[in-house]
Amino acid sequence: MEYMELREQICDICHKMWQLGWVAANDGNVSAKLADGTFLATPTGISKSFITPEKLVRIDAQGNILEGLEGYRPSSEIKMHLRCYEEREDVGAVLHAHPPAATGYAVAHVPLDEYSMIETVLTLGSVPVTPYGTPSTCEVPDAIAPYLGSHDAVLLANHGALTVGADAITAYYRMETLELFAKISLNAHLLGGAVELSRENIDRLIGMRQGYGVTGRHPGYRHYRSGEEE
Ligand code: 13P
C-alpha cells in the first residue's frame, strides 16, 4: 500500500472508531508498520473524529519522531504499540480503543472466554483480561506481552481493548468482532447465559481457520481464565 494511502486508511479507521462510539475526546490510538521498519502513529491528545492524514507522526522502533507536524507527538500509549511489533513479526498494525461493551468486561475483569459464537471462536478465540497497568508506562506493555503470543485481541484491565493484525484493516475488524461479541455475550447473559459449543465443534471451527483465510494467532481450545491452554 502507498504511504499516503496508508495515512488515509488510518484516518478512516479513526473516524469509524469515533462514529461507532468506541472513543470519546482524545481516546484511542492507531499505529501501522511501514515497509522500512518505521511506524505511523496517531498523535497524542487528538480526537479521532478530527484527525487528518498530515497529523499522523512517523516514528522509529524506539518512538523517536522522524516526521511530524510541529507540536505533534506520538500517542502516549506508543510503548504498548511498539511492544506488539517487537513481540510479533507478523503484526503490521495495532489498535487501541474503549468500545463500551468490551470495555465493560475489561473494567469488570471478566474475560470474554466463552466459546459460544462461531465467528468469535474462529477468529479470536478467548479474549483475556490482562493485568492492570498505568497508562503510558512500561507497566502496560509488560502486562500484555505474555498474552500476545497466542492472542490478537486482549482486554486491558480497567482501561479498554487492544487488537493487532497483519494490516490496519485486519486489526480494525478484530476490534469490531470483539465489540460485537461483547454485546452478544451481554445479551446472552440477560437470557440466562450462553450455551458453549462442544469440544468437537470448537476443534472443527478452529480447523477451518486456514480455509477461511484467517490469519494471526489463536489461543486454542481452553480459556485463559486458569492461565492454562492446550
Ligand atoms: P493518546 O491521546 O496519547 O493516544 O491517549 C489516548 C488514550 O486512549 C490513552 O489510553
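Order of appearance sets the numbers: ligands from 1, and atoms from 1 within every ligand. Values below: every heavy atom of this structure, side chains too, minus hydrogens, waters and symmetry copies.
- Other residues, nucleotides and ligands contribute at most 12 non-hydrogen atoms within 6.0 Å of the CZ atom of Arg73.
- Nearest heavy-atom pair across Arg7 and Leu56 is NH1-O, 3.3 Å.
- Listed by chain and number, residues touching ligand 1 at under 4.0 Å (heavy atoms only) are Asn26, Asp27, Gly28, Asn29, Thr44, Gly45, Ser75, Ser76, Glu77, His96, His98, His159.
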request  = Could you give me the CA-CA distance, side-chain angles and deciding distance for Asp12 and Lys16, then say whether salt bridge (charged side-chain N to carboxylate O under 4.0 Å, His left out) is met?
outcome  = CA-CA 6 Å; Asp12 282 348; Lys16 285 187 197 302; over 6 Å; no
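- The shortest distance between side-chain heavy atoms of Leu112 and Ser185 falls below 4.5 Å.
- What you find for His151 and Arg217 is that their closest heavy atoms are N-CB, 4.1 Å.
- Counting only N and O atoms by type, the side chains of Asn158 and His109 include a donor and acceptor under 3.5 Å apart.
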